[in-house]
> 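One structure, pasted below without further comment.
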Amino acid sequence: MSFLWAIEKIEEELRKNIKELGYEQVKPEVSEPTVKAYGDVSSRVCFDISKTSKEKPAAIAEKISSRIELDFSEVEAKNGYINFKFNDKYLFNVIEEVRKKGHQYGIPAIENKNRRIIIEHTNSNPNKPIHMGILRNTVLGDTLARVFRYVGYETIVLNYIDDSGAQVSDNILAITELGYPKEPVGERYDYYSGRIYAEVHEKIENNPQLRKKKYEIIKKIEDGKNEVAQLARWFSEKVVTDQLRTCWRIGAFFDLLNWESDVVKSGLLDTVLKKLNEKGRLYIPKEGKNENCTVLKLSDQEEFKNLEEPDEVLIRSDGTITYVGKDIAYAFWKISKPPVDFKYRPFITQPNGKTLWTTDEERGEPNVLNVNNADLAITLVDMRQEYPQKVVKTALSFITDKAKHAYRPFLYGIVAISGETAYKISGKKEYASSQMVHMSGRKGLVVNAEDLLNELAKVARIESKKRNPSIREDVLESIGNEIAVAAVRYFMLKTDLNNTIVFDVDEALKLNGDSGPRLQYTYARAHSIMEKAGRYDRGGINQKLVEKEIEMELIKEISKFSFYVRETINNLEPKYLARYAKNLADKFNLFYESCPILNEKEEIRNNRLIILESFLVVFEKVLDLLGIPALQEM
RNA sequence: GGGCCCGUGGCCUAGUAUGGAUCAAGGCACCAGCCUGCGGAGCUGGUUAUCGUGGGUUCAAAUCCCACCGGGCCCGCCA
């Protein structure tokens with residue numbers, strides 16, 4: 001049994017009785033009551049019924065509840081609500097089922113599991129290290145991927161590399177024209193390239209000759225088969241490899257790198273432009289602002305008609321392609337089977353042992369991968385990209401009916417930094433009094449993921465050492481890092497998607513309270529009891545399984561796992577799972593305080609160990625889905 | 001001009017989708033407790049909130065509707 005199963009049974013029972021009593025059919029929604037005294041699940045369906053039936057809710061509730069028979073729950077009518085309180089049979093069955101299914105216990109019954117899901121995340125420009133803003137994207141995307149995979153969907157994780165845009169070309173220009181060496185000395189490529197960009201960007205933008213050369217470089221990258229393109233690709237791959245190291249460090253892995261330049265070189269772009277043209281959506285103005293550009297017509301579309309310039313440039317007058325232009329073609333590939341496909345080659349073997357592939361029109365092989373034509377393509381982008389994503393989706397809808405349901409931008413709020421943090425990293429006092437400051441690589445106002453993780457790991461190691469002076473150095477090293485990962489991931493996951501995260505370094509370095517490390521600590525304590533327990537009688541759960549209220553509550557919380565997995569999938573809200581992890585940990589910590597195990601007499605000891613065992617099985621999986629390392633010591 | 005997001009104790013955050021039940025729930029900070037007892041990164045108790053403002057709908061509004069105020073963002077031959 002599980003919570004999810006129980007509420008479905010309850011809804012079914014309510015529906016049946018509403019019908020038999022001759023009331024108008026309303027959806028018998030149930031929810032968790034705000035107050036414990038009202039049971040585990042309650043329904044306010046009687047309020048809805050009373051609107052049409054003229055009876056008082058309380059009377060209806062009495063009538064319905066007296067007819068309901070469920071063997072796993074008591075029923076009570078109160079104040080017009082119908083309340084359900086799960087009984088011993090429920091608790092007993094939950095434990096049985098967890099023991100039987102193990103880590104599979106949280107998989108909800110979902111139809112259409114044979115669908116293919118594409119999740120595209122991270123998508124950092126290959127010209128800088130991963131910073132906190134991108135990390136929010138990576139963590140959200142990776143967690144979604146973990147959950148989809150867990151539930152049983154074929155899940156493909158992409159990382160789109162924007163190598164043919166203006167930012168990479170700044171770097172290449174710096175190397176070819178401004179005397180920067182190809183290879184950094186004593187610096188990672190991602191950091192090096194971030195530094196170059198900050199140093200040369202303004203210079204290039206303010207110099208017409210350099211600016212012109214920059215667009216020549218973009219053109220060459222898009223054309224391929226020339227030295228500039230090869231240099232750009234080589235350099236970008238170096239940067240991407242460093243960025244990947246950061247992703248791996250926090251537990252995020254990919255299946256395929258999709259290079260933006262390959263979207264053009266493969267002929268995919270031409271294919272899609274042709275389709276758009278056949279639908280009459282493209283035109284080339286002979287004069288005016290967009291003279292000689294290829295423009296997507298949107299002005300006749302409802303959502304765009306109030307804009308001053310609704311139409312969107314896809315090909316610039318110099319023949320280079322805009323970001324949106326390439327993104328439309330790429331998005332089309334994701335949800336369809338176009339006549340042209342990329343060429344692929346293995347890029348690198350990741351620390352999890354899985355091969356990461358890459359598109360590569362120069363050195364790749366055709367027909368070696370089949371990863372597109374997804375039933376649902378989720379693209380993680382921050383909210384500032386809502387508009388261009390709307391353009392992409394609208395463009396797709398002109399050429400495929402799948403666009404509406406299969407293409408799904410996943411929007412989330414940006415990460416900014418607090419005034420204090422901005423002051424700290426830039427040394428500029430004027431920031432100190434600001435509420436929030438936007439990150440900017442060019443202004444040196446960036447919190448890089450690696451730097452933060454290193455700082456966190458340092459703090460964590462000091463704490464660990466304090467508690468465990470004899471700990472081995474290499475163990476300490478990896479524990480420090482895993483605590484840092486937990487802190488960052490949980491922080492990103494628990495926050496509502498719509499919220500701007502105003503990141504403060506000092507705040508982030510606290511490892512107590514509602515935090516990832518607290519979850520790890522909870523796990524470590526639980527695990528340590530299990531370890532000390534040694535052998536115990538796992539055979540018969542005593543019929544009187546629980547003695548105290550909190551034991552009941554812990555089991556009920558355990559039973560909610562699949563419910564929150566389903567909520568996460570249905571609403572695309574990783575937050576639900578993060579909050580579940582916290583609630584489950586809360587319940588365990590209460591259990592821990594008031595229910596001693598090892599020194600109890602045998603019967604109670606065995607029962608509690610069995611509850612503990614179930615908790616560990618579920619909690620371990622929850623942490624895994626969140627990407628939080630479950631530590632046995634810390 | 002058009003559109004999007006946010007506003008909840010001193011600070012941060014949940015609750016808003018699907019309006020309801022006695023105290024609006026956590027965390028930080030602060031104060032007071034709990035280790036001869038399974039790991040004190042934990043637990044218990046306390047102080048702090050007219051849920052941005054004003055209207056409206058309703059038997060019932062943090063939640064729905066309208067207006068306004070404050071903060072942030074987007075509408076580029078940037079990405």
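So you know, we letter chains A, B, ... as the sequences are listed, proteins then strands, and number each from 1.
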> Whole angstrom is fine here: how far is it from CG in N599(A) over to P in C38(B)?
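Between P of C38(B) and CG of N599(A): 7 Å.
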
> Could you tell me the separation between the CD atom of Q385(A) and the P atom of C74(B), rounded to a whole number of Å?
11 Å

> Under 4.0 Å between any heavy atoms, over every strand shown, what does N498(A) touch: base, sugar-phosphate, or nothing? Just pick one.
sugar-phosphate

> Would one find a side-chain N or O of Y215(A) under 4.0 angstrom from OP1 or OP2 of C78(B)?
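For C78(B), OP1 or OP2 has a side-chain N or O of Y215(A) closer than 4.0 Å.
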
> Contact class for E633(A) vs. all strands (heavy atom < 4.0 Å): base, sugar-phosphate, or nothing?
base

> In whole Å, what separates the P atom of A29(B) from that of C68(B)?
42 Å

> Are the side chains of N258(A) and N159(A) in contact, using a 4.5 Å heavy-atom criterion?
no

> Measuring from the side chain of Y521(A) (C-beta onward, heavy atoms only), which nucleotide among C43(B), C38(B), G42(B) has the closest atom?
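Nearest nucleotide to the side chain: G42(B).
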
> When the ring planes of Y564(A) and Y580(A) are compared, do they come out parallel, tilted or perpendicular, using 30° and 60° as the limits?
parallel

> Students often get this wrong, so: under 4.0 angstrom with heavy atoms, is I483(A) touching a base, only sugar-phosphate, or nothing?
base

> Check whether any side-chain N or O of R518(A) sits under 4.0 Å from OP1 or OP2 of C43(B), and answer yes or no.
yes

> May I ask you to evaluate whether R316(A) reaches the phosphate of C78(B), defined as a side-chain N or O under 4.0 Å from OP1 or OP2?
yes

> Consider the side chain of N589(A), meaning its heavy atoms from C-beta on, and name the nucleotide among A21(B), G2(B), C43(B) that approaches it most closely.
C43(B)

> From C-beta outward on R384(A), which listed nucleotide comes closest to its side chain: C4(B), A21(B), C74(B)?
C74(B)

> Checking all strands, does P310(A) fall into the base, sugar-phosphate, or nothing category for heavy-atom contacts under 4.0 angstrom?
nothing

> Check whether any side-chain nitrogen or oxygen of K532(A) sits under 4.0 Å from OP1 or OP2 of G39(B), and answer yes or no.
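Checking G39(B) against K532(A), a side-chain N or O does come within under 4.0 Å of OP1 or OP2.
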
> When we call it a touch if two heavy atoms are under 4.0 Å apart, what does A166(A) touch: a base, just sugar-phosphate, or nothing?
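Answer is sugar-phosphate: A166(A) comes under 4.0 Å of backbone atoms only.
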
> Would you mind pulling out the nucleotide paired to C59(B), Watson-Crick or G-U wobble, both distances under 3.5 Å?
G20(B)

> Categorize K510(A) for me: base, sugar-phosphate, or nothing, with a 4.0 angstrom heavy-atom threshold over every strand shown.
sugar-phosphate

> Regarding E29(A), tell me which of base, sugar-phosphate or nothing describes its non-hydrogen contacts under 4.0 Å with the strands shown.
base

> Examine C38(B): is either OP1 or OP2 under 4.0 Å from a nitrogen or oxygen in the side chain of H527(A)? Give yes or no.
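False: H527(A) side-chain N/O out of range (4.0 Å or more) of C38(B) OP1/OP2.
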
> For the pair Y197(A) and H201(A), name the ring-plane relationship: parallel under 30°, tilted 30 to 60°, perpendicular over 60°.
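Y197(A) vs H201(A) ring planes: tilted.
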
> Between NZ of K582(A) and OG of S515(A), what distance do you get to the nearest 0.5 Å?
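So the NZ of K582(A) and the OG of S515(A) are separated by 10.5 Å.
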
> Does S515(A) reach a base, just sugar-phosphate, or nothing at all? Heavy atoms under 4.0 Å.
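No contact at all - S515(A) keeps every heavy atom at 4.0 Å or more from the nucleic acid.
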
> Can you check whether F47(A) and Y81(A) have ring centres sitting under 6.0 Å from each other?
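Between Y81(A) and F47(A), which both carry aromatic rings, the centre distance is below 6.0 Å.
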
> In the structure shown, which nucleotide is the Watson-Crick or G-U wobble counterpart of C30(B), with both distances under 3.5 Å?
G46(B)

> Rounded to the Å, how far apart are F491(A) CZ and A14(B) C1'?
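Going from F491(A) (CZ) to A14(B) (C1'), I get 14 Å.
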
> Base, sugar-phosphate, or nothing for E573(A), non-hydrogen atoms under 4.0 angstrom?
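The residue E573(A) makes no contact with any strand.
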
> Got a sec: does the CD of Q25(A) have more than 12 other heavy atoms crowding it under 6.0 Å?
yes

> Under the 5.5 Å and 30° test, is Y38(A) stacked on the base of A21(B)?
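One would call Y38(A) stacked on the A21(B) base.
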
> For the C1' atoms, the ones on G70(B) and on C77(B), what distance do you get once it is rounded to whole angstrom?
36 Å

> Counting side-chain heavy atoms from CB outward, which of C12(B), U13(B), G72(B) is closest to N499(A)?
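The nucleotide sitting nearest to the side chain is U13(B).
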
> Give me the distance, rounded to whole Å, that separates G9(B) from G15(B) when you measure between the P atoms they each carry.
16 Å

> Collect all protein-nucleotide pairs involving nucleotides 15-17 of chain B in which both atoms are nitrogen or oxygen and the distance is under 3.5 Å.
from, atom 1, to, atom 2, distance (Å)
G15(B), OP1, K575(A), NZ, 2.9

> With respect to the side chain of E309(A), which nucleotide from U22(B), G76(B), C74(B) is positioned closest?
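So the side chain of E309(A) is nearest to G76(B).
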
> So, OP1 or OP2 of C77(B): does either fall under 4.0 Å of a side-chain N or O from S317(A)?
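For C77(B), neither OP1 nor OP2 has a side-chain N or O of S317(A) closer than 4.0 Å.
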
> 5'-most contact on RNA chain B: K494(A) or D514(A), nearest heavy atom basis?
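Mapping each residue to its closest nucleotide by heavy atoms, the 5'-most match is K494(A).
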
> Could you check whether N83(A) gets within reach of a base, just the sugar-phosphate, or nothing at all, counting any heavy atom under 4.0 Å?
base

> Respond yes when some side-chain nitrogen or oxygen of N512(A) is under 4.0 Å from OP1 or OP2 of C28(B), and no when none is.
yes

> Please tell me which of the listed nucleotides, C38(B), C23(B), C43(B), lies nearest to the side chain of V35(A)?
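Nearest to the side-chain atoms of V35(A), counting from C-beta on, is C23(B).
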
> Please tell me which of the listed nucleotides, G40(B), C77(B), U13(B), lies nearest to the side chain of N290(A)?
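When the side chain of N290(A) is considered, C77(B) is the closest of G40(B), C77(B), U13(B).
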
> Would you call the rings of F591(A) and F588(A) parallel, tilted or perpendicular, where under 30° means parallel and over 60° means perpendicular?
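Judged by the thresholds at 30° and 60°, the geometry between F591(A) and F588(A) is tilted.
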
> Flag as yes if Y81(A) stacks onto the base of A21(B) (centroids under 5.5 Å, planes under 30°), otherwise no.
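Stacked: centres under 5.5 Å apart, planes under 30°.
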
> Across the strands shown, which category fits Y387(A) at heavy-atom distances under 4.0 angstrom: base, sugar-phosphate, nothing?
sugar-phosphate

> Using heavy atoms to find the nearest nucleotide of RNA chain B for M634(A) and T322(A) separately, return the residue whose nucleotide is more 5′.
M634(A)

> What is the nucleic acid contact for K27(A), judged by heavy atoms within less than 4.0 Å: base, sugar-phosphate only, or nothing?
nothing

> Looking across every strand, which nucleic acid part, if any, lies under 4.0 Å from C46(A) by heavy atom: base, sugar-phosphate, or nothing?
nothing

> Crowded around E32(A) CD? As in, over 12 foreign heavy atoms under 6.0 Å?
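Yes.
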
> Is it true that E386(A) and K390(A) have a side-chain N and a carboxylate O under 4.0 angstrom from each other?
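Here E386(A) does not pair with K390(A) in a salt bridge, since their nearest N and O are not under 4.0 Å apart.
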
> Determine the Euclidean distance between corresponding P atoms of G71(B) and U57(B); express it in Å to zero decimal places.
31 Å

> How close or far is atom C1' of C77(B) from atom CD of E205(A), stated in whole angstroms?
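That distance rounds to 12 Å.
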
> Taking only the side-chain nitrogens and oxygens of Y592(A), find out if one of them lies under 4.0 Å from OP1 or OP2 of G40(B).
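For Y592(A), the contact criterion (side-chain N or O under 4.0 Å from OP1 or OP2 of G40(B)) is met.
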
> Does Y431(A) form a ring-ring contact (aromatic ring centres under 6.0 Å, His included) with Y423(A)? I'd like the steps, not just the answer.
CA-CA 5 Å; Y431(A) 292 121; Y423(A) 170 42; 8.9 Å; no

> Within 90° of 0 counts as syn, otherwise anti: where does C74(B) fall?
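C74(B): anti glycosidic orientation.
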
> Just how far, in rounded Å, is P of C77(B) from CG of D311(A)?
11 Å

> Considering every strand shown, what is the Watson-Crick or G-U wobble mate of G1(B) when both distances are under 3.5 Å?
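Its partner is C75(B) (Watson-Crick or G-U wobble, both distances under 3.5 Å).
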
> Hey, could you give me the CG/CD1 distance between N292(A) and I315(A), rounded to the nearest 0.5 Å?
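That separation rounds to 11.5 Å.
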
> Checking all strands, does S464(A) fall into the base, sugar-phosphate, or nothing category for heavy-atom contacts under 4.0 angstrom?
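It contacts base atoms.
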
> For A67(B) versus C28(B), give the span between their C1' atoms, rounded off to a whole number of Å.
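Result for the C1' pair: 36 Å, nearest Å.
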
> The side chain of R525(A) is closest to which nucleotide in this list: G40(B), C77(B), C38(B)?
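Given the options G40(B), C77(B), C38(B), the side chain of R525(A) is closest to G40(B).
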
> Between the base of A21(B) and the side chain of S42(A), is one N or O donor paired with an acceptor at under 3.5 angstrom?
yes

> Over 60° means perpendicular and under 30° means parallel, so tell me whether Y160(A) and Y330(A) are parallel, tilted or perpendicular.
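Ring orientation of Y160(A) relative to Y330(A): parallel.
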
